[in-house]
Amino acid sequence: MNILLLAPEPFYEERGTPIAVGLVLRGLSERGDTVEVVTYRQGNTIEYEHVTVHRIVKIPFLNNIRPGFSWKKVVCDCFMFFKVMRLACGKRYDLVHAVEESVFMALILKWFFKIPYIYDMDSSLAQQMVEKYSFLNPLQFLLRFCEKLAVKNAEVVIPVCDALARGIEKHRPKRVEVIPDVSLLSETDPVPIEATLKSEGKL
């Protein structure tokens, strides 16, 4: 398959989500899929066969981007979105693997280009934003509605824990596959969900 993987974070770094993304890329590479990754400028270079990494332009005042919602990530995500749209206009992808907030980019790709997507869900973005910025409380309904759209339109949602999976049940996702955080994984890496979907004839 031709897969577009969206990683809105510094990649690669030795911490939770980038490590998990690295495992996904390794699995897809070993399976022979062609993967294009769109990510931030910050991060170390790692190479996998059949994997191409596209980074956003260097933005001088944006350094040391940390996990969690921040204005720095919003700016980087805007640049990332334009790169994603440019790639999608020039090539046909079979699937988008969207990590965290990049799911909204994937949702737009589905609306415009009919490309199915997987939502790699590390947390409830709506809850995270309201907890960090109390002034967003009046927008809580809108944020939860956007999260509902992202969940309902995904072919598969991959939460990192059962509590998160239970929290999205009300959105009626098509399918949920809980894959625990990388720190809980055994030495045997999980089979990428893309492989499971293809074997079931759903891609």
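Remember, predicted model here, so these are calculated numbers, not experimental data.
- Ion pairing of K174 with E155 is present here, as a side-chain N (NZ or NE/NH1/NH2) and a carboxylate O approach within less than 4.0 Å.
- Note on F141 and F135: separate hydrophobic clusters, where clusters join Ile, Leu, Val, Met, Phe, Trp and Tyr whose side-chain heavy atoms are under 4.5 Å apart, directly or indirectly.
- Here the CD atom belonging to Q127 is positioned 12.5 Å from the CE atom belonging to M129, to the nearest 0.5 angstrom.
- With a 4.5 Å cut-off on side-chain heavy atoms, V130 and L143 count as touching.
- In this structure, N153 contributes its side chain and A150 its backbone to no donor-acceptor pair below 3.5 Å.
- Closest approach of N63 to K72, counting heavy atoms only: O-NZ, 2.7 Å.
- Among all heavy-atom pairs drawn from H171 and R144, the shortest one is CE1-O, 4.3 Å.
- Residues F11 and I46 meet the side-chain proximity criterion, which asks for heavy atoms closer than 4.5 Å.
- Interatomic distance, CG of L6 versus CD of E101, reported as 10.0 Å (0.5 Å rounding).
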Apply side chain to side chain contact (heavy atoms under 4.5 Å, CB included) to L62 and W71, showing your working.
CA-CA 10 Å; L62 290 183; W71 69 269; 3.6 Å; yes

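- When atom types are taken as modelled, the side chain of T39 and the backbone of R55 share no donor-acceptor pair closer than 3.5 angstrom.
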Evaluate M1 against R31 for side chain to side chain contact (heavy atoms under 4.5 Å, CB included), listing each step before the verdict.
CA-CA 10 Å; M1 288 190 293; R31 207 165 69 96; 3.3 Å; yes

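- D33 contributes atom CG, which lies 8.5 Å from atom CG of D94 (distance to the nearest 0.5 angstrom).
- A salt bridge does not link E9 to R66: none of the charged nitrogens lies less than 4.0 Å from a carboxylate oxygen.
- Under a hydrophobic-cluster definition in which Ile, Leu, Val, Met, Phe, Trp and Tyr are linked whenever side-chain heavy atoms come within less than 4.5 Å, directly or via other members, L142 and I168 are assigned to different clusters.
- Applying the 6.0 Å contact sphere to NZ of K148 captures no more than 12 heavy atoms from other residues, nucleotides or ligands.
- The OH atom of Y117 sits 8.5 Å away from atom CZ of F104, with the distance rounded to the nearest 0.5 Å.
- In this structure, the side chains of T45 and Y12 stay at 4.5 Å or more apart for every pair of heavy atoms.
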If you apply the rule side chain to side chain contact (heavy atoms under 4.5 Å, CB included), what do you find for Q42 with E13, and how did you get there?
CA-CA 9 Å; Q42 182 180 323; E13 288 188 348; 2.9 Å; yes

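- I108 places none of its side-chain heavy atoms less than 4.5 Å from the side chain of M105.
- With a 4.5 Å cut-off on side-chain heavy atoms, P138 and L136 do not count as touching.
- The shortest distance between side-chain heavy atoms of V176 and P159 falls below 4.5 Å.
- Counting heavy-atom neighbours within 6.0 Å of K170 NZ, excluding the residue itself, gives a total above 12.
- The closest side-chain heavy-atom distance from Y119 to I158 is not below 4.5 Å.
- Within the 3.5 Å criterion, the main-chain N or O of F113 finds a donor-acceptor partner in the side chain of R92.
- Atom CD1 of I3 is separated from atom CG of L95 by 5.5 Å, given to the nearest 0.5 angstrom.
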Audit row: Q128, S123, side-chain hydrogen bond (donor to acceptor under 3.5 Å, both in side chains) steps and yes/no
CA-CA 7 Å; Q128 185 183 118; S123 62; 2.8 Å; yes

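- Without hydrogens or angle criteria, T34 side chain to H50 main chain gives no donor-acceptor distance under 3.5 Å.
- Across all non-hydrogen atoms, the minimal contact from V178 to V160 is CG1-C, 4.2 Å.
- Here the side chain of R41 pairs a donor or acceptor atom with the backbone of I56 at under 3.5 angstrom.
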Evaluate the side chain to side chain contact (heavy atoms under 4.5 Å, CB included) criterion for residues E100 and K73: first the C-alpha distance (whole Å), next the side-chain angles of each, then the deciding distance (0.1 Å), finally the verdict.
CA-CA 12 Å; E100 297 177 323; K73 290 202 75 180; 3.8 Å; yes

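- The shortest distance between side-chain heavy atoms of L25 and L5 falls below 4.5 Å.
- Among all heavy-atom pairs drawn from C76 and I65, the shortest one is SG-CD1, 3.5 Å.
- Separation of atoms OH (Y93) and CG (L109) is listed at 9.5 Å; rounding is to 0.5 Å.
- Between the side chain of E147 and the backbone N or O of L125 there is at least one donor-acceptor pair closer than 3.5 Å.
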